[in-house]
Amino acid sequence: MTTAKPRISLYNTLTRTKAPFEPMDAKNVRMYVCGPTVYDFAHIGNARPVIVFDVLFRLLRHVYGAEHVTYVRNITDVDDKINARALRDFPHLPLNEAIRRVTEKTEAQFLSDVKALGTLEPTVQPRATDNIEQMQTLISALLDRGHAYNANGEVLFRTRSMEDYGQLSGRNLEDNLAGARIAVEAHKEDPADFVLWKQSSETEPGWDSPWGRGRPGWHIECSAMSERYLGQTFDIHGGGLDLIFPHHENEIAQSRCAHGTHAMANVWMHNGFLQVEGQKMSKSLGNFVTINDLLETGAMGGRAWIGDVLRLAMLMTHYREPIDFSVRRLEEAEAKLLDWQRAAKGAEIADSDVPDASVVAELADDLNFHRASVALDFIAKKANRNEGNARHCLAATLKFLGFSLDSLLTSDEGWEAPAHIATAIAERLEALNSKDFARADAIRNELAEQGIALLDYKDENGQRATKWEVKR
């Protein structure tokens, strides 16, 4: 295996182009990704940026060295949704205690869930409530520079003070307002102005400030935490497509105007939307699925799924494209992962072992996991023929990508068929024994479309049996 390091290219939402990634300092590569608001279990849409930017984190560590990469993913633990959940779940407790109960439980569940997805811990995971002082300092700077004003007990950002507001989303202020029904509060200078600091009642969480007891707006939290741990300008800022406007747009406005800098982050990356079985995920449609549901219950397909399968199912679609998360996708991911694990079975690897250069090169092209998986299939094919060090190379590469080497393998048989394949084979054998050949052929064809080939044979008792393999 060669140790050559590729040059990374990334698509930048801000410039709408893919370009070679040039860190500000190759010995201090810095990335910030918006994390969860801990009021409820994270849903599978939340899992996508967690997995996508974990892959990028691994790639950056490989290219620049683990000690030279800082990855910050925040925890939002002050938010009106949290307040509402605390009042609902713990109505008899003091609000601060109720909020603590909600956020501690939800944060612990989130960290457990994403660990099961094979993700590395970020370098820093700051909580919003530990950075109130930094937020107040930013707000004071915005007031001093004329980019914010105090009105009706709130501190608001003055959007008209930023000439190029809207570059990330491609919207200008007039576009944002055109045709929209906006309730303009009387104390706002402009409908697009947004809250930096708001008043808190006696029953709401709050902190003392020069503008009275209150709590921060959502956007100022990430501006403060990214500055504290990464600096006024850093390399990469990531998150879901839904955060481009208003959250990321307003982060840029706050940070740049407070510091007088040309940029908050040089590269902005966003993963695409997620649907479930072809529909937008929503509680009203009954298809709202959490990461924990998939790991622990039969929320999709009537069975629990291991984290490795969820991880691969997410990565099979390019991160910038919309993804349709379905049972069939999970089944396809499970079959492919099992194929890789079978091919890598028995390989022993060390922490110092490096991944395959061709796989890394594909990932370096804007995280093109599809082409990386094709390269993995090629290595697995060579491993099954016992060619050279292919088995060892495959195992090291799977580990680099965050996958277990044996999560689908059994100690007795070496591997077991995923549930949907075993069920299909059993149904087909029943159809063959009943001479329902049309049904048997239909099942074979359905599996073939998923890349599963069937081989019929007679067992030691002379009974009809079937083997299966993943086609390459």
Side-chain angles (χ1 to χ4, degrees), residues 5-14 19-36 46 48-77 107 110-111 114-115 117-135 137-138 219-240 243 247-248 251-252 254-256 258-259 261-271 319 351 354-355 360 363-364 366-367 400-402:
K5 303 295 177 65
R7 189 175 188 184
I8 299 173
S9 291
L10 300 173
Y11 182 85
N12 189 347
T13 307
L14 186 63
F21 171 63
E22 299 288 352
M24 299 170 65
D25 179 357
K27 294 187 180 299
N28 183 24
V29 183
R30 292 160 288 163
M31 176 171 70
Y32 184 92
V33 176
C34 291
N46 301 136
R48 195 175 191 191
V50 168
I51 293 170
V52 165
F53 292 105
D54 177 72
V55 173
L56 179 56
F57 183 36
R58 291 169 180 271
L59 177 63
L60 293 171
R61 285 161 54 98
H62 175 69
V63 172
Y64 296 101
E67 70 277 16
H68 300 308
V69 180
T70 301
Y71 172 23
V72 178
R73 186 182 66 210
N74 73 294
I75 299 289
T76 296
D77 59 349
E107 179 184 348
F110 171 78
L111 295 177
V114 298
K115 182 178 181 180
L117 298 177
T119 62
L120 300 172
E121 286 190 11
T123 315
V124 186
Q125 296 190 83
R127 295 174 179 83
T129 53
D130 292 333
N131 291 272
I132 300 297
E133 181 180 347
Q134 286 73 22
M135 297 174 205
T137 299
L138 264 180
H219 314 303
I220 198 68
E221 297 176 11
C222 288
S223 286
M225 287 183 279
S226 62
E227 181 199 352
R228 179 176 182 179
Y229 295 101
L230 301 176
Q232 295 180 1
T233 302
F234 51 94
D235 295 300
I236 300 170
H237 194 313
L243 296 180
H247 185 50
H248 288 171
E251 279 188 57
I252 292 172
Q254 295 163 159
S255 295
R256 285 185 53 199
H259 305 307
T261 51
H262 74 285
M264 177 186 182
N266 290 330
V267 178
W268 288 81
M269 298 178 65
H270 295 92
N271 61 271
Y319 80 93
D351 290 340
V354 296
V360 175
L363 288 179
D366 197 33
L367 303 185
F400 162 72
L401 292 169

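Below, each value reflects all heavy atoms present in this structure, side chains not excepted, and no hydrogens, waters or symmetry copies.
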| remark: dist E107:CD -> D77:CG (nearest 0.5 Å) comes out at 7.0 Å
| message | When you compare the side chain of V360 with that of F400, does any pair of heavy atoms fall below 4.5 Å? | response | yes
| query | Quick check: does any side chain N or O of K5 sit under 3.5 Å from a backbone N or O of Y64, one acting as donor and the other as acceptor? | reply | no
| message | Using the side-chain hydrogen bond (donor to acceptor under 3.5 Å, both in side chains) criterion, which residues pair with N131? Sequence neighbours excluded. | response | R228
| note | dist Q232:CD -> E227:CD (nearest 0.5 Å) comes out at 5.5 Å
| Under the salt bridge (charged side-chain N to carboxylate O under 4.0 Å, His left out) test, which residues partner R58, sequence neighbours left out? | D54
| query | What residues, two or more places apart in sequence or in another chain, satisfy side-chain contact (heavy atoms from CB on, under 4.5 Å) together with D366? | reply | L10, Y11, K18, M269, H318, Y319, R320
| query | Which atom pair, heavy atoms only, marks the closest approach of T233 to A263? | reply | OG1-O, 2.9 Å
| message | How long is the straight-line distance from CD1 of I236 back to CD1 of I8, given to the nearest 0.5 Å? | response | 7.5 Å
| Cationic N near anionic O, under 4.0 Å, R7 to E22 | yes
| request: Taking all non-hydrogen atoms of both residues into account, name the closest pair between M264 and S226 and its distance. | output: CE-OG, 3.3 Å
| Are any non-hydrogen side-chain atoms of C34 and N74 less than 4.5 angstrom apart? | yes
| request: Could you tell me which residues satisfy side-chain hydrogen bond (donor to acceptor under 3.5 Å, both in side chains) with E121, sequence neighbours excluded, listed by chain and number? | output: none
| Within 45 degrees of the axis of the six-membered ring of F57 and under 6.0 Å from its centre: does R61 put its NZ or CZ there? | yes
| said: I want to check something: taking the side chain as every heavy atom from C-beta on, are Y71 and F53 in contact at a cut-off of under 4.5 Å? | reply: yes
| note | Closest non-hydrogen contact found for H262 with R256 is O-NE, 3.3 Å
| field | Minimum side-chain heavy-atom gap T70-N28 below 4.5 Å | value | yes
| Hey, does P36 have a side-chain heavy atom less than 4.5 Å from the side chain of I75? | yes
| query | CD1/I51 to CG/N46 distance, rounded to the nearest 0.5 angstrom? | reply | 11.0 Å
| task | Assess whether side chain to side chain contact (heavy atoms under 4.5 Å, CB included) is satisfied between L243 and E251, documenting all intermediate values. | result | CA-CA 10 Å; L243 296 180; E251 279 188 57; over 6 Å; no
| Main-chain N/O of V114 paired with T119 side-chain donor or acceptor, under 3.5 Å | yes
| Beyond-backbone contact of P355 with L401, side-chain heavy atoms, under 4.5 angstrom | no
| Heavy-atom donor-acceptor pair, Q254 side chain to H219 backbone, under 3.5 Å | yes
| request: Could you tell me which residues satisfy side-chain hydrogen bond (donor to acceptor under 3.5 Å, both in side chains) with Q134, sequence neighbours excluded, listed by chain and number? | output: none
| Set of side-chain hydrogen bond (donor to acceptor under 3.5 Å, both in side chains) partners for D235, sequence neighbours left out | none
| field | Identified side chain to side chain contact (heavy atoms under 4.5 Å, CB included) partner of H237 from the options H248, M31, R30 | value | H248
| Between N12, N266, V29, which is the residue that forms a side chain to side chain contact (heavy atoms under 4.5 Å, CB included) with F21? | V29
| task | Check whether any side-chain N or O of S255 sits under 3.5 Å from a backbone N or O of I252 as a donor-acceptor pair, and report yes or no. | result | no
| Exercise: identify the closest heavy-atom pair between A224 and M135 | CB-CG, 3.5 Å
